[in-house]
Amino acid sequence: MRLALPHSTSLDESNFSHFVLDIVWFGLALPATSRFLSVYAIRLGAEASDLSLLTSLPALVLLFSASLSNWWLRRAANTKKALFWPALLFRLVFLLPAFTPFIPTHFQSVWLILSLALPALAQGISSVVFMVLMLETVDETRVPPLLSQRSLAMNVTLGLSGLALGVWLEKAPFPLNYQAMYVLAFGLAMVSMWHVTQVRLRPTTAPKPVAAAPAVNPWRSPAFRPVGLTSILMHLAFFSVVSLLPLHLVNNLGAGEGFMALYGLAELTAAAVVSPFCTRILRYISYRSLVALALTGTAVGALLIALAPSLYVTLLAAALIGCSWAAANIALYAFFSAATPPEQRGAFTTAFTQVMFAGQFLGPMIGSALSGLHINLIIIIMIGAGLRLLAATLIQSHMPDWFKRTLHLSSQPR
């Protein structure tokens, strides 16, 4: 398949730039939670079940709060105004962990989980409204290049920030090092928010695009079903062991904050390198094929981590996982954008986001359940690699079409 050449206007270019700058500043803040929050929890005595909850409980809250997004959109004059308060409250996720040392010791792990779960109430709404705003303010043909540019910018800033924060965490005294990091991250996230507020609505955008069209069930759309099923398989498999990888690196291989920063840099540098090429690749293969290929790469990366004899071997795996996961996400979001009719952006975005969060919630439960059976951590990671490979196979074999045919045949009289 081939993508249409992008056509742009000055307003498109301005919005395009603000969306990229938004992710630049957000990427500088993000390592505080995405890279180091699990390490912080481990330092406080968190176990495998706690680390799984760090991923799964916020995803469960996101799954619930995303369902409120259409209601929230209908209350606002336009999508931009609907985004302000959810986006602001969501950014508290960077500030709340700074209060952890003031919490009684035996409740600190619980507080870290709540620090992610409470802002997720706003994040679910913010995620849906932000995607609707992006689709409304950037020309459809510019969406894949925008996703590619945002992925490149985020991975570059994530890598640089993660390396700098890792050095800081190694040198500064604990827990002051983590507190200062989270305060700084909150400030950076607020600069990101400013760029979001500078995005301007297009003159053709209806004041209330979500309320204007009658509600439609996205799962009745033949275009959306493959997107939804691809998304649930992709996230379920990937997140099955993603929260356990830091535990293996820290407890079994002796990684510290400095190495975790280096690990993140390898992961994100590879993602930044591959991101600009994804739009070109999508001219020759389908969205679903790129997702399947990329998910296979994450499976090989997890297997390498499980079998690595030393820490530095895991850097190769980090690079492979980083570039593969970036490619998978770019392909998935482009797949979703192509399947979404303009008049149903709200309903389709809500369904897409809910499916994604469902995978992020259920996936870590697999790793947690296996850990509860006292299976060796290395074996659990290898099982997770197998699940990623299985999901890639189902996606590439057009599992949604197979699922549809199975339902059709089962409804036929015998």
| query | Given side chains that start at C-beta, do those of Ile380 and Ser371 come closer than 4.5 Å, heavy atoms only? | reply | yes

| Backbone of Leu247 reached by a side-chain donor or acceptor of Asn252 within 3.5 Å | no

| task | Find the distance between CZ (Arg150) and OH (Tyr333) and round it off to the nearest 0.5 Å. | result | 9.5 Å

| Is there side-chain contact between Asn15 and Arg200, with at least one heavy-atom pair below 4.5 Å? | yes

| Exercise: identify the closest heavy-atom pair between His248 and Ile305 | NE2-O, 3.4 Å

| said: Are the side chains of Ser38 and Met260 in contact, using a 4.5 Å heavy-atom criterion? | reply: no

| said: With a 3.5 Å distance limit and no angle check, can you tell me whether Thr197 reaches the backbone of Trp194 through a side-chain donor-acceptor pair? | reply: yes

| Backbone N/O of Gly258 and side chain of Glu170: donor-acceptor pair under 3.5 Å | yes

| query | In Å and rounded to the nearest 0.5 Å, what is the CG to CG distance from Leu311 to Leu262? | reply | 9.5 Å

| request: Step through it carefully: locate the ring centre of Phe348, locate the ring centre of Phe224, and say whether they are under 6.0 Å apart. | output: yes

| Ring geometry between Phe259 and Tyr263 (parallel below 30°, tilted from 30 to 60°, perpendicular above 60°) | tilted

| Sequence-distant partners of Ser126, side-chain hydrogen bond (donor to acceptor under 3.5 Å, both in side chains), two or more places apart | none

| field | Heavy-atom check, side chain of Ile381 versus side chain of Leu245, under 4.5 Å | value | yes

| said: Applying side chain to side chain contact (heavy atoms under 4.5 Å, CB included) to Ser34 and Leu158, what does each step give before you reach the verdict? | reply: CA-CA 9 Å; Ser34 68; Leu158 267 171; 4.1 Å; yes

| said: Contact between Asn329 and Met234 at the side-chain level, heavy atoms closer than 4.5 Å - yes or no? | reply: yes

| note | In terms of heavy-atom contacts, Leu28 and Pro31 come closest through O-CD, 3.6 Å

| request: Determine whether Leu303 and Leu389 make a side-chain contact, defined as any pair of heavy atoms from C-beta on separated by less than 4.5 Å. | output: no

| query | Between Lys80 and Val199, which heavy-atom pair has the shortest distance, and what is it? | reply | NZ-O, 2.9 Å

| Looking only at atom types and distance, does a side-chain atom of Ser65 sit under 3.5 Å from a main-chain N or O of Ala120, one as donor and one as acceptor? | yes

| said: Please check this pair: side chain of Ser14 against backbone of Ser10, looking for a donor-acceptor N/O pair closer than 3.5 Å. | reply: no

| message | Just to verify, which of Tyr178, Phe26, Tyr182, Phe36 counts as forming a ring pair (Phe, Tyr, Trp, His ring centres under 6.0 Å) with Phe94? | response | Phe26

| message | How close do Ser324 and Leu320 get, counting heavy atoms only, and between which atoms? | response | OG-O, 2.7 Å

| message | Quick one: does any side-chain atom of Ser397 pair with a main-chain N or O of Leu394 as donor and acceptor, under 3.5 Å? | response | yes

| request: Give a yes or no on whether the ring-centroid distance for Phe19 and Phe130 is below 6.0 angstrom. | output: yes

| Can you list the steps and then say if Leu184 with Leu188 is a side chain to side chain contact (heavy atoms under 4.5 Å, CB included)? | CA-CA 6 Å; Leu184 173 64; Leu188 295 171; 4.2 Å; yes

| Going by heavy atoms in the side chains, are Met382 and Leu307 under 4.5 Å from each other? | yes

| remark: In this structure, CG of Leu229 is separated from CG of Leu233 (nearest 0.5 Å) by 6.5 Å

| query | Between Val20 and Gln149, which heavy-atom pair has the shortest distance, and what is it? | reply | CG2-CB, 4.0 Å

| task | Nearest 0.5 Å please: distance from the CD1 atom of Ile366 over to the CG atom of Leu387. | result | 5.5 Å

| field | Distance, nearest 0.5 Å, that separates CH2 of Trp168 from OG of Ser161 | value | 13.5 Å

| said: Would Leu377 and Leu244 count as a side chain to side chain contact (heavy atoms under 4.5 Å, CB included) here? Give the steps. | reply: CA-CA 8 Å; Leu377 186 57; Leu244 301 181; 4.0 Å; yes

| task | Please check if atom CH2 in Trp219 has more than 12 non-hydrogen atoms from other residues, nucleotides or ligands closer than 6.0 Å. | result | yes

| request: Would you check if Pro119 and Arg91 make a side-chain contact, meaning some heavy-atom pair closer than 4.5 Å? | output: no

| request: Tell me, with the steps shown, if Phe352 and Val355 meet side chain to side chain contact (heavy atoms under 4.5 Å, CB included). | output: CA-CA 5 Å; Phe352 176 74; Val355 168; 5.9 Å; no

| message | On a heavy-atom basis, which atom in Trp111 and which in Leu96 lie closest, and how many Å separate them? | response | NE1-O, 3.0 Å

| From Arg388 CZ over to Leu236 CG, what is the distance, rounded to the nearest 0.5 angstrom? | 11.5 Å

| task | Using the six-membered ring wherever Trp is involved, compare the ring planes of Phe238 and Trp325 and label them parallel, tilted or perpendicular (cut-offs 30° and 60°). | result | parallel

